[in-house]
Amino acid sequence: MRDPKRVAILISGRGSNMRALVEQANGYTVALIASNKLDAGGLEWARDHALQTWAMESKGTGKEEFDRKMNAALDEHQVGTIALAGFMRILSPWFIDPWRGRILNIHPSLLPKYRGLDTHAPAIDAGERVRGCSVHIVTEELDAGEILGQAEVVIERDDTPETLERRILGVEHQLYPKVLSEFVIR
Ligand code: GAR
């Protein structure tokens with residue numbers, strides 16, 4: 001039985017957004033932290049905080065095989081909502097279809113502008129004045145699903161991709177828990 005208020009957070013790396021979602025959990029329970037990288041830094045933090053974890057190396061594993069195994073782990077923990085938090089792997093249509101409308105992602109740009117990876121430098125080069133982050137529903141098309149919330153960051157004259165990334169990350173940590181809390185009760 002899938003309970004919308006039981007959330008799985010999917011990570012591939014340090015998991016700073018995962019941490020924000022755990023620390024600011026309001027109206028939802030973090031039922032599982034799942035990762036496609038065995039050495040994801042966020043896993044250690046999750047274990048230290050007595051959270052349930054599941055990890056499997058996706059490199060060298062068939063796309064659907066990985067997704068099937070992860071799906072079984074999600075079901076085992078009665079997960080009803082999935083929050084991608086720096087999960088750097090494209091999910092298969094086999095996985096997305098039955099979870100349609102229940103998978104969220106955070107992306108470091110004001111979608112629909114700048115989909116994909118490494119977009120801070122192109123945005124600075126293009127003379128953009130404002131950047132930010134978006135929480136959106138995951139569909140088969142990359143970074144293209146319904147936008148649930150956004151937060152803006154003004155680009156300063158001396159910003160580099162690194163300083164911008166850091167400032168946006170800080171804003172992500174405020175936006176994502178707020179949007180997820182609203183999402184699980186809608
Ligand atoms: C975050 O900036 C997140 O928006 C981005 O990866 C970073 C993960 O950091 N996600 C994407 O670019 C997804 N396309 P974290 O592991 O510290 O949360």
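Counting starts at 1 for both ligands and their atoms, in listed order. Atoms considered below: every heavy atom in the structure, side chains included; atoms not considered: hydrogens, waters and symmetry mates.
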Could Arg100 and Glu140 be called an ion pair, given the rule that one side-chain N must be under 4.0 Å from one carboxylate O? yes
Purely on distance, is any nitrogen or oxygen of Gly116 under 3.5 Å from one on ligand 1? no
In this structure, does ligand 1 have an atom that sits under 4.0 Å from one of the heavy atoms of Ile11? no
For the residue pair Gly42 and Met18, what are the closest heavy atoms and their distance? O-CE, 3.5 Å
Proximal ligand 1 atoms for Leu169, defined as those under 4.0 Å from one of its heavy atoms: 1 (C), 2 (O)
Going by an N to O cut-off under 4.0 Å, is there a salt bridge joining Arg131 and Glu152? no
Would you call Lys69 and Glu65 a salt bridge, taking side-chain N to carboxylate O under 4.0 Å as the test? yes
Please say whether Glu172 places an N or O atom under 3.5 Å from an N or O atom belonging to ligand 1. yes
Salt-bridge present (Glu44, Arg19; N to O < 4.0 Å): no
Decide whether an N or O pair under 3.5 Å exists between Asp143 and ligand 1. no
Identify the closest protein heavy atom to atom 14 (N) of ligand 1: which residue and atom is it, and at what distance? His107 ND1, 3.5 Å
State, without any angle test, whether Glu172 and Asn17 hold a side-chain donor-acceptor pair at a distance under 3.5 Å. yes
Would you please test Arg6 and Glu76 for salt bridge (Lys or Arg N to Asp or Glu O under 4.0 Å) and show each step? CA-CA 12 Å; Arg6 288 181 63 78; Glu76 195 179 312; over 6 Å; no
Which residue and atom name correspond to the protein heavy atom nearest atom 13 (C) of ligand 1, and how close is it? Ile106 O, 3.8 Å
Relative to Trp99, does Arg2 satisfy both conditions: NZ or CZ under 6.0 angstrom from the six-membered ring centre, and within 45 degrees of the ring's axis? yes
Write out the residue and atom name of the closest protein heavy atom to atom 8 (C) of ligand 1, then the distance separating them to 0.1 Å. Gly86 CA, 3.6 Å
In this structure, does ligand 1 have an atom that sits under 4.0 Å from one of the heavy atoms of Cys133? no
Nearest atoms (heavy-atom pairs only) where Ala144 meets Thr139: C-OG1, 4.4 Å
Nearest to atom 9 (O) of ligand 1, what protein heavy atom do you find, and at what distance? Arg14 NH2, 3.2 Å
Give me the nearest non-hydrogen protein atom to atom 5 (C) of ligand 1 as residue plus atom name, then the distance to 0.1 Å. Pro108 CD, 3.9 Å
So which of Met88, Arg19, Met18, His120 gets nearest to atom 11 (C) of ligand 1, if we judge by its closest heavy atom? Met88
List the closest protein heavy-atom neighbour of atom 16 (O) of ligand 1: residue, atom name, distance to the nearest 0.1 Å. Gly15 N, 3.0 Å
How does Leu84 reach ligand 1, if at all, at less than 4.0 Å between non-hydrogen atoms: by side chain, backbone, both, or neither? neither
State the atoms of ligand 1, each with its element, that fall below the 4.0 Å cut-off from a heavy-atom position in Ser16. 15 (P), 16 (O), 17 (O), 18 (O)
Carefully, step by step, assess Glu162 and Arg166 under the rule salt bridge (Lys or Arg N to Asp or Glu O under 4.0 Å). CA-CA 6 Å; Glu162 291 73 29; Arg166 241 191 334 270; over 6 Å; no
